[in-house]
Chemist: 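Below you will find the structure I want to go over with you.
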Amino acid sequence: MDNKFLSKKGALSELLKALRDVSAADRPKVGARANEAKTKLEAALVAKRDGFENEALASRLEKERVDFTLPARRAPVGSLHPVTKITAEIVAIFRRLGFELAEGPEIETEFNNFDALNMREDHPARDMQDTFYVQSEKGGRLLRTHTSPVQIRSMLAKKKPPVRILCPGAVFRSDYDMTHSPMFHQVEGLYVDRDVSFAELRGALLFFAREMFGAQTQIRLRPSYFPFVEPGAEVDVTCVLCKGKGCRVCKDTGWLEILGGGMVHPKVFEAVGYGTGENPEPVTGFAFGMGVERIAMLKYGVPDLRLLFENDVRFLKQFGV
Ligand code: DAH
């Protein structure tokens, strides 16, 4: 049916062909009528086609309608990992007390990680169960078990006091359960000068605790033992949940342990050559170390450490940018 009028063999062609058989007298008239018919047909065709096209366009415009007044859709943005956020917060707080950022490698020597920190060969922390040792031709390499070796590096590099550094970083221990991960993060602080006192340590830590957990926070120092400090202390803050009244989180004590610290042990100064030889002036100093994941768990109420390492976006995106 499609070709009925307009194809080569359609009615219009037949009509034009038939003009041959029309007498010369009638031909102009018949020819003109034929042309008229042709023009009309073609015009009708064009009109119909335009009609279809307009209809198609109209329905597309309707379907693909854009409302330019709508607010733009936000592109999804990532968020900072809670460990990254807390690390940055800790660094920012101690920066205000004049601490400079220091860094050290994750693969350490036994000397920096243990010996220089007054942990002799038979110290339990050197047990194979806790420490990842690394095969090395130079011998005695390991994945650092804490950020304390950066104390040693900083003092050796600076050669003489004052030294006031803060070192955040990853540390490694062979351990894995609800509160332990084989890789976790610590921040180490060290302040060495003439006449640095235990009171200054307490002051710095109280300032930190209040900046991190709120102005009402109290701290408590309990005598404790770390080979590289004397005296040494474990430091508690008033419970972040019950504010000291006693609850499930603080096991009804009202206190939560957040870090260890103390006055730098004379053996440590001896190992880096402070207070002798070229630096005979007596020095004192304080040091402290804290676990970043632990602070993050307390601050954000995260019950299981492993959540911080599973990288489930539903968990991570709660912490915002
Ligand atoms: N290095 C210790 C640890 O990993 C933490 C620590 C305790 C660091 C007392 C210190 C300190 O500087 O004085 O458990």
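If you read the sequence from its start, that first residue is 1, and numbering goes on from there. Every number for a ligand or one of its atoms is a count from 1 in the order of the listing. Reckoned from all heavy atoms, side chains included, excluding hydrogens, waters and symmetry mates.
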Chemist: What atoms of ligand 1 come closer than 4.0 angstrom to any heavy atom of Gln186?
Modeler: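 Close to Gln186: 3 (C), 4 (O).
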
Chemist: With the threshold set at 4.0 Å, does a side-chain nitrogen-carboxylate oxygen contact exist between Arg173 and Asp130?
Modeler: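 No, Arg173 and Asp130 are not salt-bridged.
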
Chemist: Do any heavy atoms of Met290 fall under 4.0 Å from ligand 1?
Modeler: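 The answer is no, since Met290 has no heavy atom less than 4.0 Å from ligand 1.
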
Chemist: With a 3.5 Å cut-off and no angle check, do the side chains of Glu188 and His146 form a donor-acceptor pair?
Modeler: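 Judged by distance alone, the side chains do not pair up.
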
Chemist: At under 4.0 Å between heavy atoms, which part of Ser148 makes contact with ligand 1: side chain, backbone, both or neither?
Modeler: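 Side chain only.
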
Chemist: Starting from atom 14 (O) of ligand 1, find the nearest protein heavy-atom neighbour and note its residue, name and distance.
Modeler: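 Nearest protein contact, heavy atoms only, for atom 14 (O) of ligand 1 is Arg173 NH2, 3.7 Å.
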
Chemist: Using a 4.0 Å heavy-atom threshold (strictly under), name the region of Met119 that reaches ligand 1: side chain, backbone, both or neither.
Modeler: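 The answer is neither; Met119 stays 4.0 Å or more away.
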
Chemist: When you look for heavy atoms under 4.0 Å from ligand 1, do you find them on the side chain of Gln151, its backbone, both, or neither?
Modeler: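 Just the side chain.
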
Chemist: Show me which atoms of ligand 1 lie under 4.0 Å from any heavy atom of Ala287.
Modeler: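 That gives atoms 12 (O), 13 (O) of ligand 1.
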
Chemist: If you apply the rule ring-ring contact (aromatic ring centres under 6.0 Å, His included), what do you find for Phe132 with Phe172, and how did you get there?
Modeler: CA-CA 7 Å; Phe132 292 112; Phe172 306 85; 7.2 Å; no

Chemist: Are any non-hydrogen side-chain atoms of Met212 and Lys299 less than 4.5 angstrom apart?
Modeler: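 In contact.
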
Chemist: Is the charged tip of Lys317 near the ring of Phe315: under 6.0 Å from the six-membered ring centre and within 45° of its axis?
Modeler: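 Cation-pi check for Lys317 and Phe315: fails.
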
Chemist: What I'd like to find out is whether the side chain of Asn112 reaches to under 4.5 Å of the side chain of Arg153, using heavy atoms alone.
Modeler: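 Side chain of Asn112 against side chain of Arg153, heavy atoms only: contact under 4.5 Å found.
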
Chemist: Under 4.0 Å from a heavy atom of Gly262: which atoms of ligand 1 are those, numbered in the order shown and with their elements?
Modeler: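 In order of numbering, the contacting atoms are 13 (O).
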
Chemist: Could you name the option among Phe184, Tyr225, Phe228 that has the heavy atom nearest to atom 10 (C) of ligand 1?
Modeler: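 Looking at heavy atoms only, Phe228 sits closest to atom 10 (C) of ligand 1.
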
Chemist: List ligand 1 atoms under 4.0 Å from Glu188, heavy atoms only on the residue side.
Modeler: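 With Glu188 as reference, the close atoms of ligand 1 come out as 8 (C), 10 (C), 12 (O).
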
Chemist: Side-chain contact, heavy-atom cut-off 4.5 Å: Ile258 with Leu205?
Modeler: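 Of all side-chain heavy-atom pairs linking Leu205 with Ile258, none is under 4.5 Å.
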
